A.B. asks: 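Handing you a structure now.
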Amino acid sequence: MDVTTVVVVLVATSISYLQFRAQYLNELQLIRDRLEERGLNLDYHLKIVTNRVEALRSQAESYLVVNGNPPLLASPYNQLQQVPGQNRFAMDQLRLPLTADQVGNLTGVGSLQNRSPEFNLELNMALNLNPSFQVTKQLVPGLTWTYYISNNQFMNRYPWIPSDQVRFLPQLYSQEFYTATLAQQNPERKVVWTDVQADSAGKGLIVTAAAPVYLTKTFKGAVAVDLSLEEFNPYVKELDNRQGSLFLANAQGQLLAHPSLVRSSGPLQQPVGDALPDALRSQENQILQHPSMQMQEMGGYLLIHQSLTNAPWKLVFWIPKAAITMDLVSERMVGSLALLLGLIGIVAFMQWLTRREFIRPAEQLLQHIERESQIRPDSPKNSEFSKPEIPNWIAQGWLPWFETISHTFADNRRLLQELQQREQRLKQQISQLKIEIDQGKRSREFNEITETDYFRQLEQKAEMIRRKMKDISNDE
Amino acid sequence: MSEHTNHSMPKIVSLHSYRGGTGKSNATANIASTIAQQGQRVGIIDSDIQSPGIHVLFGFDERRIEHSLNDYLWGRCAITEAAYDVTSILGETRAADCGLYLVPASVKVSDISRVIRERYDVDRLHEGFQDLIKTLRLDYLFIDTHPGLNEETLLSLTISDVVVIVLRPDQQDFQGTAVTVDVARRLKVPNLLLLINKVLPDYDFNDLCQQAVNTYESPVAGILPLSEDMIRLASGGIFSLAYPDHLLSQVYRQIARQIAAAPPL
């Protein structure tokens with residue numbers, strides 16, 4: 001693999017990683033956004049409930065204050081009757097204009113006769129809550145019951161139900177929806193939410209929002225709204241299409257909603273741990289104590305929860321980290337991976353093509369040049385009848401180069417051979433150099449010169465000059 | 001004390017060739033310079049009046065030639081007035097009493113034409129030789145002759161103590177040299193030496209030398225190989241002075257020794 005391929009792979013991989021990282025972070029943000037949206041919707045639902053509880057309490061307390069002088073039982077909703085043969089009263093026999101939709105069944109222990117004005121006032125107040133009960137039933141989806149329970153041993157429960165099925169019993173005073181409103185536990189008189197309870201009328205698992213009712217400083221009773229746990233399940237449906245899980249838990253570590261674990265007909269105590277992956281069950285507290293809406297990573301899982309505003313509950317979501325990764329790779333990174341593979345493929349193809357069309361022929365050409373250069377002029381391969389050794393296969397367009405090289409080398413070898421032959425001939429001539437004298441010509445020319453009068457005179461003149469020079473020399 | 005004072009007679013040395021282009025002038029300049037450098041007083045006369053050129057080797061500016069050999073031959077000046085001291089070309093390392101003088105021939109076209117047309121007085125030339133030897137106290141007088149066998153040249157040979165015949169390894173030269181050697185013997189030249197020039201290095205020098213000795217019955221003073229260095233110098237100076245350690249310079253010194261050893265006329 002050459003440098004170009006490595007660089008392309010590195011760049012493409014880096015880009016893919018950055019893209020993956022951006023999409024991964026985007027996924028986390030999407031989870032946050034979806035969880036926040038679920039939380040807001042659920043909080044809105046709970047807000048309606050707490051608002052209705054507040055409204056009921058306000059109405060009750062206002063009634064008690066405004067109607068200070070206790071009147072007779074003159075309420076239009078009053079169709080109370082003493083239950084025959086029993087020391088209790090109820091509103092089992094409804095007569096027009098009252099219908100079961102308009103009123104709850106006010107049931108109590110004791111006699112209606114000779115009761116104190118305060119008792120009668122409270123009884124009227126409870127009857128007058130009926131219109132508000134209707135409104136509450138309409139406003140709060142999933143409402144099972146809404147009621148007022150008095151510390152004077154009666155309660156008005158809406159919707160109406162015969163007293164032989166459900167009625168006031170003193171044991172109710174020991175239940176959380178009542179005890180949690182007492183001054184000792186709720187001095188601030190706020191709306192409280194109970195743990196998961198089984199509905200006494202058999203409507204399954206419920207939670208109750210309740211608030212105390214006071215006449216000035218005197219605790220009179222409590223107003224409450226019961227909600228079926230089934231009502232919360234829509235809020236914990238799949239947050240996305242992957243392996244994650246969303247559930248609702250209260251501060252006591254009870255599951256309030258879960259796509260599969262919580263049914264209104266299910267067991268009363270469903271611990272939060274059951275909704276967590278096995279690896280995280282022992283870390284329940286650590287998970288729930290983490291700051292709200294902050295993603296935490298634990299044991300290969302991503303976890304996030306949102307604390308609700310209108311109830312001490314938390315929406316918790318977890319998902320295996322690998323699920324997000326795999327999802328991104330399989331769904332969103334396929335394009336990038338295909339691009340990456342495509343790029344690598346193109347580079348590899350170009351490399352192959354370049355090697356096939358250029359590098360390999362160039363190497364062959366070099367080898368061809370090397371081969372041609374090694375053919376000696378006197379080699380049989382240098383014969384004009386021998387064909388140049390051109391490879392069987394060469395890339396298109398390269399053949400003329402091979403032929404040109406072969407022709408050029410062949411020409412050079414021919415010239416070299418001629419030069420060598422010429423040099424050889426010259427060397428032979430040189431080695432054979434002989435001083436050859438044409439003696440006849442020599443003699444003839446010599447005679448032509450020396451047999452002239454001129455030469456004879458020259459000889460005489462030379463003799464004379466020599467003599468003269470000798471004389472001069474002798475004189476000196 | 002210079003060596004020339006030991007000689008009873010100065011030597012006249014003629015370098016001659018049957019044909020032109022044998023490197024005769026070059027050999028004359030180099031041998032004369034070699035001898036002068038050894039402390040001798042040497043004169044050179046360019047008697048190749050019809051095609052003068054030896055002055056070029058000495059870097060002699062033709063405009064400096066106030067009097068030439070031609071002027072002397074035509075009675076315009078004394079021979080010594082046509083002699084120019086070129087001793088300085090021998091360089092700083094020359095011996096103390098040495099001297100080198102050059103009598104150039106005129107390069108003027110009109111003078112050359114006149115020589116060809118009218119020829120010149122050979123006797124006067126020889127008298128000039130003697131004057132020059134005497135006046136400049138020369139130990140050696142080198143005569144660069146005109147090639148061939150004309151009257152003037154032949155007479156120069158007769159008065160020479162040493163005649164060096166320059167030839168190339170060429171059949172025409174071989175043939176012409178044979179005639180020249182025969183004529184020189186007839187003229188009783190006392191010392192006849194052969195100098196074979198421009199010999200291709202591929203030749204067998206010993207064989208060539210032996211053949212020449214056998215053919216001409218004369219000693220071979222030296223064989224000069226054809227040298228790229230000499231060609232490269234292109235007559236731009238005296239080769240043996242420019243490259244004293246070169247093979248050619250060694251051959252020139254060998255020739256100079258043989259000339260010095262030759263007995264006088």
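Everything numeric here is computed off the predicted structure, so don't read it as measured data. Chain letters run A, B, ... following the sequence lines, proteins first, then strands; residues in each count from 1.
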A.B. asks: Examine whether an atom of B/Ile12 lies under 4.5 Å from a heavy atom of chain A, and if so say whether it belongs to the side chain, the backbone or both; otherwise answer neither.
C.D. replies: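 Interface part for B/Ile12: side chain.
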A.B. asks: With a 4.5 angstrom heavy-atom cut-off, could you sort out which part of A/Phe446 is near chain B: side chain, backbone, both or neither?
C.D. replies: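 Backbone plus side chain of A/Phe446, per the 4.5 Å heavy-atom cut-off to chain B.
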A.B. asks: Distance check, rounded to the nearest 0.5 Å: B/Leu157 atom CG versus A/Leu458 atom CG?
C.D. replies: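 One finds 9.0 Å between CG of B/Leu157 and CG of A/Leu458.
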A.B. asks: With A/Ala462, which residues qualify under side chain to side chain contact (heavy atoms under 4.5 Å, CB included), at least two apart?
C.D. replies: A/Arg466, B/Thr158
A.B. asks: Return yes when atom CE of A/Met350 has more than 12 non-hydrogen atoms of other residues, nucleotides or ligands closer than 6.0 Å, and no otherwise.
C.D. replies: no
A.B. asks: Please state whether the side chain, the backbone, both or neither of B/Asp123 comes within less than 4.5 Å of a heavy atom of chain A.
C.D. replies: side chain
A.B. asks: Quick one: pull up CZ in A/Phe455 and CZ in B/Arg186 and give me the separation to the nearest 0.5 Å.
C.D. replies: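 Here the rounded value is 5.5 Å.
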A.B. asks: Would you say that more than 12 heavy atoms from the other residues, nucleotides or ligands in this model lie under 6.0 Å from the CH2 of B/Trp74, or not?
C.D. replies: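 Yes.
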A.B. asks: Say you draw a straight line from CD1 of B/Ile159 to NZ of A/Lys461; how long is it, rounded to the nearest 0.5 Å?
C.D. replies: 11.5 Å
A.B. asks: Of all of B/Leu155, B/Leu208, B/Thr215, which one pairs up most often with chain A through heavy atoms under 4.5 Å apart?
C.D. replies: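 Of the candidates given, the most pairs with chain A belong to B/Leu155.
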A.B. asks: Could you measure the distance from the CD1 atom of A/Ile435 to the OH atom of B/Tyr216? Nearest 0.5 Å is fine.
C.D. replies: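 Going from the CD1 atom of A/Ile435 to the OH atom of B/Tyr216 covers 5.0 Å.
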A.B. asks: Nearest 0.5 Å, please: how far is CD1 in A/Ile449 from CG in B/Leu154?
C.D. replies: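 Interatomic distance, B/Leu154 CG to A/Ile449 CD1, rounded to 0.5 Å: 7.0 Å.
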A.B. asks: Answer yes or no: does atom CD of A/Gln374 have more than 12 heavy-atom neighbours from other residues, nucleotides or ligands under 6.0 Å?
C.D. replies: yes
A.B. asks: Under 3.5 Å, which donor-acceptor pairs link side chains of residues 338-349 of chain A to any protein atom two or more places apart or in another chain?
C.D. replies:
none

A.B. asks: Could you check if a side-chain atom of A/Glu459 sits within less than 4.5 angstrom of a side-chain atom of B/Lys188, using non-hydrogen atoms only?
C.D. replies: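 SC-SC contact between A/Glu459 and B/Lys188 ruled out.
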A.B. asks: Using only non-hydrogen atoms and a strict under-4.5 angstrom cutoff, which residues of residues 165-180 of chain B touch chain A?
C.D. replies: B/Pro169, B/Gln171, B/Phe174, B/Gln175, B/Ala178, B/Val179
A.B. asks: Considering residues at least two apart in sequence or located in another chain, which fulfil the side-chain hydrogen bond (donor to acceptor under 3.5 Å, both in side chains) criterion with A/Glu451?
C.D. replies: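 Counting only residues at least two positions away or on another chain, A/Glu451 forms no side-chain hydrogen bond (donor to acceptor under 3.5 Å, both in side chains).
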A.B. asks: Should the heavy atoms of other residues, nucleotides or ligands under 6.0 Å from CZ of A/Phe358 be counted, would the total exceed 12?
C.D. replies: no
